Trainee: 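I'd like to ask you about the structure that follows.
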Amino acid sequence: MPYRSPVGDILFSLNAVADLKGMVGKGLAGDLDWDSVVSIVGEAGRFATEEIAPLNRPGDLNGARYENGVVTTAPGFGDVYRRWAEAGWNGVSAPTEFGGMGLPHAVNVACTEIWNGASMAFALCPLLTEGAVHALQGFGSRELLDRYLAQMVSGRWTGTMNLTEPQAGSDLNAIRTRAERADDGSYRLFGQKIFITYGEHDMAENIVHLVLARLPGAPAGTRGLTLFLAPKFLVNDDGSLGPRNDLRCAGIEHKLGIHASPTCVMVYGDNEGAKAWRVGEENRGLAAMFVMMNAARLAVGTQGVAIGERAYQQALAYARERRQGRGPNGGDGMVPIIAHADVQRMLMTMKANVQAARGVCHLTGVSLDLASHAGTAEERSAAANRAALLTPIAKAFSTDIGDEAASLGVQVHGGMGFIEETGAAQHMRDSRIAAIYEGANGIHGIDLVQRKLPLADGATVRKEIAGVREIASDVAGRGGAGFGATAERLADAADALEESTRLMLDWLGSDQNSALAGASPYLRLFGLAFGGACLAKAGLAAEALAESGDKSELGRVGLARFYAEKLAVAAPGLARAIASGGAPLEPYEAILADSA
Ligand SMILES: Cc1cc2nc3c(=O)[nH]c(=O)nc-3n(C[C@H](O)[C@H](O)[C@H](O)COP(=O)(O)OP(=O)(O)OC[C@H]3O[C@@H](n4cnc5c(N)ncnc54)[C@H](O)[C@@H]3O)c2cc1C
């Protein structure tokens with residue numbers, strides 16, 4: 001069965017889990033109504049299924065190619081990208097002032113999943129452009145906005161994010177790219193960046209690079225970084241393209257996955273220096289870049305959901321066709337492998353995890369919308385804190401889930417999963433990067449614990465834990481028998497999360513090592529409890545629908561139960577692992593010592 005964008009599941013989650021329908025119903029998204037959301041998501045799904053998804057496999061096989069500074073993208077990528085941009089899809093959440101649709105973040109999250117499920121390597125290009133648009137919108141001068149933004153929103157020009165250097169990955173303090181002031185108020189850049197996604201390609205007329213660099217005499221570390229805009233082609237006053245800038249792509253990487261997405265080494269300033277303009281204040285570049293990174297983090301989390309969904313669809317289709325072994329009650333002939341309990345376990349784990357992570361991403365998107373549009377300042381501030389708390393979970397939990405689902409997808413295929421021909425292996429190779437870029441997942445665990453738990457003196461995280469409890473008691477109060485032990489297991493997960501949160505907040509003041517050692521398991525625990533609540537909410541909505549005569553969604557009750565009884569039960573174990581604290585220095589060296 002070919003891949004289909006999961007439009008129905010996405011809309012169900014946007015409505016029942018994230019309450020986007022409620023938000024637009026209250027007029028918090030201008031004059032947008034729910035029917036329009038349904039038709040936009042449906043049309044995105046159609047375009048992705050019909051036009052983008054067929055690029056995925058040939059893109060993997062052909063990859064992007066590099067020769068003498070020129071990058072040629074995989075066959076079909078340029079044509080489809082141009083049709084996609086002409087249809088307006090590059091500007092889903094971009095400001096209407098610059099030609100965007102100005103739709104809520106939550107709708108953009110839905111579309112981002114749709115593009116990435118169809119082809120992650122394709123969707124990465126606009127993902128970076130969108131981040132660059134956000135950063136420029138927040139920090140660019142009026143002149144920069146007028147010169148660049150409409151072209152970037154339309155997708156005629158694409159954007160990149162240039163942070164990483166060979167010695168500066170997770171630790172941006174070490175960035176060395178140098179900026180010099182020029183007499184005309186612009187700047188010149190000198191240095192090398194690595195791993196720059198779509199740093200060079202042939203799909204758009206111009207490429208707008210956002211580059212972190214250091215001015216002479218700037219303070220050491222990240223407090224001395226300034227953000228610059230450097231276009232591939234300089235832009236004349238009338239908006240036409242001028243000569244090439246002094247920057248080039250020196251090569252592209254050979255990678256495990258996303259072969260069709262060029263990952264570029266970029267060299268700035270071979271000669272007179274790459275001409276650049278400042279975005280935001282001097283030495284405040286990281287603040288501007290964070291705007292871009294926060295948008296990109298949620299988008300990358302959504303990539304985890306997208307690939308997990310695609311791997312699930314493929315594994316489900318295979319499991320329905322492949323016949324092996326006898327069914328549970330014996331019989332003569334071989335049965336489709338989906339009849340085996342262990343294969344059902346794998347498929348349900350994939351589906352439940354993907355839908356839980358989708359719920360986390362949708363709620364993060366809606367929180368971002370409410371942070372701008374909720375009725376009162378207090379509501380806006382609470383929503384902003386909620387979005388900040390959920391962003392590392394949306395990024396790291398969802399991308400871990402994407403990886404696990406893709407790996408299970410290979411397992412469901414048996415030996416054929418290991419053979420490239422089926423395509424299951426591509427999902428596993430493609431998904432692996434999402435847990436690494438946009439901040440490796442371990443760094444997001446640390447961000448969650450060190451920066452997000454203390455928000456509003458712990459009130460933000462406590463409110464989320466109370467929310468999980470509330471849903472558990474809703475299930476206990478009005479959920480049907482199909483929920484099994486969901487309410488109890490969710491309450492256990494909330495207890496585990498509460499206990500670990502208390503420990504983490506204590507340790508932040510007294511034992512940083514234990515807090516850091518527990519950060520990743522804590523993020524997973526949070527995802528499990530919160531994801532379980534998302535699925536339970538969807539299950540309750542499905543029951544309500546059934547009461548009004550539509551029983552088509554009732555499978556969601558069983559899915560919520562599976563998640564609570566089989567997956568969220570790991571929460572107390574994680575809490576125990578966290579409570580055992582960090583390893584003191586000496587045992588770590590002894591434990592990891594080379595054997596004689
Ligand atoms: C395909 C691809 C595309 C990319 N696209 C871009 C792009 O467009 N723009 C861009 O600027 N960059 C890009 N990157 C770079 C990417 O963001 C970095 O690879 C990532 O941030 C990790 O940095 P690193 O590779 O140097 O790993 P390192 O920083 O060396 O980390 C290695 C490991 O150590 C852990 N670690 C590091 N520091 C700590 C710490 N303080 N505490 C605990 N654990 C720690 C990490 O979690 C990780 O597991 C891309 C990379 C790839 C592979």
Side-chain angles (χ1 to χ4, degrees), residues 60 63-64 71 116 120-132 135 158-177 191-201 207-213 221-222 225 227-228 230 249 251-266 268 285-286 288-290 292-297 299-300 303 307 392 395-396 399-400 403 429-451 512-523 582-583 588:
D60 183 54
V71 172
N116 280 280
M120 185 166 152
F122 174 91
L124 263 164
C125 183
L127 191 155
L128 270 304
T129 308
E130 182 195 332
T158 62
T160 71
M161 169 155 101
N162 288 240
L163 290 78
T164 308
E165 298 178 10
Q167 76 295 344
S170 301
D171 189 351
L172 299 176
N173 286 291
I175 284 180
R176 287 189 200 134
T177 296
Q192 192 198 70
K193 296 284 178 179
I194 60 166
F195 296 161
I196 306 309
T197 298
Y198 278 93
E200 174 60 34
H201 62 86
I207 304 174
V208 181
H209 302 284
L210 292 191
V211 186
L212 276 182
T222 53
L225 295 175
L227 185 63
F228 297 94
C249 171
I252 63 174
E253 307 293 346
H254 299 280
K255 314 190 289 291
L256 179 67
I258 52 166
H259 291 153
S261 165
T263 304
C264 303
V265 175
M266 298 300 299
Y268 292 87
L286 207 61
M289 201 50 129
F290 261 117
M292 181 162 180
M293 290 195 295
N294 277 335
R297 283 170 178 176
V300 169
Q303 290 187 318
I307 293 281
K395 197 280 175 180
T399 54
D400 282 345
D403 252 357
R429 291 187 286 98
D430 284 355
S431 71
R432 194 62 192 86
I433 185 58
I436 296 172
Y437 61 19
E438 256 340 293
N441 280 0
I443 305 296
H444 291 286
I446 294 171
D447 174 53
L448 172 65
V449 167
Q450 284 191 325
R451 281 189 279 281
Q512 282 283 335
N513 192 45
S514 289
L516 294 175
S520 285
Y522 176 80
L523 189 146
Y588 119 70

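Numbering of ligands and ligand atoms starts at 1, following listing order. Computed over heavy atoms, backbone and side chain alike; hydrogens, waters and symmetry mates excluded. Just so you know, these numbers come straight off a predicted model, no measurement behind them.
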Trainee: Which of the numbered atoms in ligand 1 are below 4.0 angstrom from a heavy atom of I446?
Mentor: 42 (N), 43 (C)

Trainee: Heavy-atom distance to atom 1 (C) of ligand 1: which of L516, T160, T263, L163 wins?
Mentor: T263

Trainee: Where the side chain of E253 meets the backbone of F195, is there a donor-acceptor pair that is under 3.5 Å apart?
Mentor: no

Trainee: Measure the CD1-CG distance between I307 and N116 for me, rounded to the nearest 0.5 Å.
Mentor: 7.0 Å

Trainee: Donor-acceptor check, side chain of H259 to backbone of D60, threshold 3.5 angstrom: yes or no?
Mentor: yes

Trainee: Which residue owns the protein heavy atom closest to atom 52 (C) of ligand 1, what's the atom, and how far is it?
Mentor: I433 CD1, 3.6 Å

Trainee: Starting from atom 24 (P) of ligand 1, find the nearest protein heavy-atom neighbour and note its residue, name and distance.
Mentor: G169 CA, 4.0 Å

Trainee: Which of these, T158, T160, V208, sits in a side-chain contact (heavy atoms from CB on, under 4.5 Å) with T129?
Mentor: T158

Trainee: Looking only at atom types and distance, does a side-chain atom of R297 sit under 3.5 Å from a main-chain N or O of K395, one as donor and one as acceptor?
Mentor: no

Trainee: Less than 4.5 Å apart, any side-chain heavy atom of Y522 and any of L448?
Mentor: yes

Trainee: Taking atom types as modelled, find out whether T399 and N441 have a side-chain donor-acceptor pair closer than 3.5 angstrom.
Mentor: yes

Trainee: What's the shortest distance from atom 8 (O) of ligand 1 to any protein heavy atom, and which residue and atom give it?
Mentor: T197 N, 3.0 Å

Trainee: Can you tell me if E438 has a non-hydrogen atom under 4.0 Å from ligand 1?
Mentor: yes

Trainee: Can you find a protein heavy atom under 4.0 Å from atom 37 (C) of ligand 1?
Mentor: yes

Trainee: Taking P166's backbone N and O only, do any of them form a donor-acceptor pair with K193's side chain (distance below 3.5 Å, no angle check)?
Mentor: no

Trainee: For A396 and H444, which heavy atoms make the closest approach, and how far apart are they?
Mentor: CB-CB, 4.1 Å

Trainee: What residue and atom, counting heavy atoms only, is the protein's closest point to atom 31 (O) of ligand 1, and at what distance?
Mentor: S170 OG, 3.7 Å

Trainee: Relative to the heavy atoms of M161, which atoms of ligand 1 are at a distance of less than 4.0 Å?
Mentor: 7 (C), 8 (O), 9 (N), 10 (C), 11 (O)

Trainee: For atom 4 (C) of ligand 1, find the nearest protein heavy atom and state the residue, atom name and distance (0.1 Å precision).
Mentor: F195 O, 3.1 Å

Trainee: Is the shortest distance from atom 42 (N) of ligand 1 to a protein heavy atom below 4.0 Å?
Mentor: yes

Trainee: If you measure every N or O of A440 against every N or O of ligand 1, does any of those distances drop under 3.5 Å?
Mentor: no

Trainee: With a 4.5 Å heavy-atom cut-off, do V300 and Y437 have their side chains touching?
Mentor: yes

Trainee: Tell me whether atom 33 (C) of ligand 1 lies less than 4.0 Å from at least one protein heavy-atom position.
Mentor: no

Trainee: Verify the contact flag for atom 10 (C) of ligand 1, where contact means a protein heavy atom under 4.0 Å away.
Mentor: yes

Trainee: Looking only at N/O atoms, are T164 and ligand 1 under 3.5 Å apart anywhere?
Mentor: yes

Trainee: Could you find the nearest protein heavy atom to atom 20 (C) of ligand 1 and give me its residue, atom name and distance?
Mentor: I436 O, 3.6 Å

Trainee: Protein heavy atoms: any of them under 4.0 Å from atom 47 (O) of ligand 1?
Mentor: yes

Trainee: Under a 4.5 Å cut-off applied to non-hydrogen side-chain atoms, are I258 and I433 in contact?
Mentor: yes

Trainee: Taking 4.0 angstrom as the limit and counting only heavy atoms of I443, give me the atoms of ligand 1 inside it, by number and element.
Mentor: 38 (N), 39 (C), 40 (C), 45 (C)

